Colleague: 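Before we start, here is the structure in question, set down as structure tokens.
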Amino acid sequence: MNLRFIHVWRRNLLVWRKLAIPSMLGNLADPLLYMLGLGYGLGSMLPQMQGVSYVAFLAGGVVCSSTMFTASFEAMYSAFSRMHVQRTWDAIINAPLTLDDVVMGEWVWAASKSVLSGCAVLLVAAAMGLIGSPLALLIVPVIMLTGLVFAALGLIVTALSPSYDFFMYYFTLAITPMMLLCGVFYPLEQLPAFAQIAAQALPLTHAVALSRPLMLGVVPAHAWLHVLVLALYASVSFSVAQHYLRRRILT
Amino acid sequence: MTLLSVRGLRKSYAGKAAVAGVDFDLAPGECFGLLGPNGAGKTTTLRLALGLTLADSGSITLLDCAVPAQAREARVRAGVVPQLDNLDPDFTVRENLLVYGRYFDIPHAELEKRIPDLLEYAGLASRGDASIRALSGGMKRRLTLARALINDPDLLFLDEPTTGLDPQARHVIWERLRQLTLRGKTLLLTTHFMEEAERLCHRIAIMDNGRIISTGTPRELIAANIEPEVVEVYGDGAEAWAASAGAKLAERCEQHGETVFCYAHDARALVADLGAYSEQNNAQDLRYLHRRANLEDVFLKLTGRELRD
């Protein structure tokens, strides 16, 4: 393990710093809209969910979906720009860094950015008085792991994409279904049995299964199992992304 | 120190050989040019030498390191000017140098010392805070060149350094590159501009179809491959004249497009006959140019005349 990838991470950080304020406002505005629009708007018509208000229930899901979106966008649109359009990666691998260093840097960077956006949801939830227990702090490592999963998946799509248009397929076929089927907006048990089983194969389900109880001050059931699934998703996806990016860039 | 030594290098893509057995060595302080038409394998050779693509066979030693095994270590002391500009559009001119310097683990204080000199060299001393988007093509090239020097490399790779530049900008780059060779830097450049190769390179390897077909100084290449004098004939009647008198008086005649090139050791008879022929036939549109043979003649002879796409 070497730390050369930090150069790539720092390069991206320096770019981000130039637009840090609008970027962070975006991180806050997005979850705020979800919580207000769905949490209060839709939630006012709903009964209590698992013993809490709908908005409190929703917060534990939106933490994960925000993380998923930010990591995916960064690993796809932004990384693709740097790889394919600006040729930034080509410049970096002419220096004493390898493609593996670059890919590692992009992976950790996309995950880091998604941690900001996941934490923004936590802040919003705290400001709304929806967090009642220090257990919610354990959501931060859950966000990190979730960010690594979706950053790695996004890099696979980037490795295989001929152009930006290709990303829409991934959003339509993977991100949107996960957003709707993994328990972000309602308890998974509301789905028909086969859909519940299918949802268990999707990483977002396991992220929500960890963050929602923690948000509500409860220790999640089967916590290590969910962590294991996420860790497997992250590491296997990263290896696949690395393989396809090597093939794309180095041959 | 071995700067770059390449032996039996081969690389094919999808069954088509891009590099088909290339050998060469760089001598310290020389500017070595790989000259060839598009698709000759020049860029692939550079990528292989830098360890960015794996060869099918052959061996490469770059700056005393075996490539690809130690390519990363070798690149610590190499500089690269790529064919396509890949400056970082998110950064200013100065930040481009700073961020690139970090990739070499150069301490910040050292970078702060080097950057003003490099900006001066690139003629961008007053543009340090300018955005990349505000630079002209020539300025971008100069900045890319300065960026490649951030680690004070022992060997500089330049892939078609002046392609796409206007003549003024091209002359400025040539002048900057000559400064580098005067300072003792070793340069490996690819080009398809004869004038560039003839002006800058101490030695040239002419590449075609993945092979080096001739190597030497520009003068050696001309002396070894071609008659010293050329008469170019074009315009109405050029072909008719070439078929009759040209073929008899020249040692060799070749047609490229609408121009007939007549080669000879002494072209005086050719010129005299062209004068007489124009007068007799009142061929006012027949034009001709008598000159010394140059690298372009060698290049055309060795790589053939067909179009390369």
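Computed from a prediction, not measured in an experiment: that's the story for all the values here. Just so we're on the same page: letters track the sequence lines, and every chain starts at 1.
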Colleague: Check each atom of A:L14 against the heavy atoms of chain B and say whether the ones under 4.5 Å are side chain, backbone, both or neither.
Modeller: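 Interface part for A:L14: both.
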Colleague: Under a 3.5 Å threshold, yes or no: a donor from one side chain and an acceptor from the other, between A:T70 and A:S117?
Modeller: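 The criterion, which ignores hydrogens and geometry beyond distance, is satisfied for A:S117 and A:T70.
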Colleague: Above 12 or not: heavy atoms from other molecules or residues under 6.0 Å from CG of A:L173?
Modeller: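 Above 12, so yes.
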Colleague: Do other residues, nucleotides or ligands put more than 12 heavy atoms under 6.0 Å from the OH atom of A:Y164?
Modeller: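 Counting other residues, nucleotides and ligands, OH of A:Y164 exceeds 12 neighbours.
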Colleague: Non-hydrogen atoms of chain A under 4.5 Å away: do they reach the side chain of B:V80, the backbone, both or neither?
Modeller: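 Only the side chain of B:V80 comes within 4.5 Å of chain A.
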Colleague: Under the side chain to side chain contact (heavy atoms under 4.5 Å, CB included) criterion, do A:F150 and A:F73 qualify, and how do the steps go?
Modeller: CA-CA 9 Å; A:F150 287 99; A:F73 263 96; over 6 Å; no
Colleague: Looking only at non-hydrogen atoms, find the nearest pair between A:L122 and A:V63 and report the distance.
Modeller: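 Closest pair (atom of A:L122, atom of A:V63, distance): CD2-CG2, 4.3 Å.
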Colleague: Hey, what donor-acceptor pairs show up under 3.5 Å between chain A and chain B?
Modeller:
from   : atom 1 : to     : atom 2 : distance (Å)
A:H7   : ND1    : B:R102 : O      : 3.3
A:H7   : NE2    : B:R102 : O      : 3.3
A:H7   : NE2    : B:D105 : OD1    : 2.8
A:R11  : NE     : B:D88  : OD2    : 2.8
A:R11  : NH2    : B:D88  : OD1    : 2.6
A:R11  : NH2    : B:D88  : OD2    : 3.2
A:R11  : NH2    : B:D90  : OD2    : 3.3
A:K18  : NZ     : B:D90  : O      : 3.3
A:K18  : NZ     : B:E95  : OE1    : 2.6
A:K18  : NZ     : B:E95  : OE2    : 3.4
A:A91  : O      : B:Y100 : OH     : 2.7
A:I93  : O      : B:R75  : NE     : 3.0
A:A95  : O      : B:R75  : NE     : 2.9
A:P96  : O      : B:R72  : NH1    : 2.8
A:L97  : O      : B:R75  : NH2    : 2.8
A:I249 : O      : B:R47  : NH2    : 3.1

Colleague: Go through it in stages, so that I can follow the logic: the residues are A:F238 and A:Y233, the test is side chain to side chain contact (heavy atoms under 4.5 Å, CB included), and I'd like the CA-CA distance, side-chain angles, deciding distance and then a yes or no.
Modeller: CA-CA 8 Å; A:F238 180 68; A:Y233 251 106; over 6 Å; no
Colleague: Before giving the answer on side chain to side chain contact (heavy atoms under 4.5 Å, CB included), spell out for A:W107 and A:F5 the whole-Å C-alpha distance, their side-chain angles and the decisive distance to 0.1 Å.
Modeller: CA-CA 10 Å; A:W107 184 43; A:F5 75 90; over 6 Å; no
Colleague: B:L50 versus chain A, heavy atoms under 4.5 Å apart: side chain, backbone, both or neither?
Modeller: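 Contact with chain A: side chain only.
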Colleague: Using a cut-off of under 4.5 Å for heavy-atom pairs, which of B:P153, B:G79, B:P89 has the most such pairs with chain A?
Modeller: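 Going by pairs under 4.5 Å, I would pick B:P89.
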Colleague: Do you know the tightest heavy-atom contact between A:A152 and A:A241?
Modeller: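 In terms of heavy atoms, the two residues are closest at O-CB, 3.9 Å.
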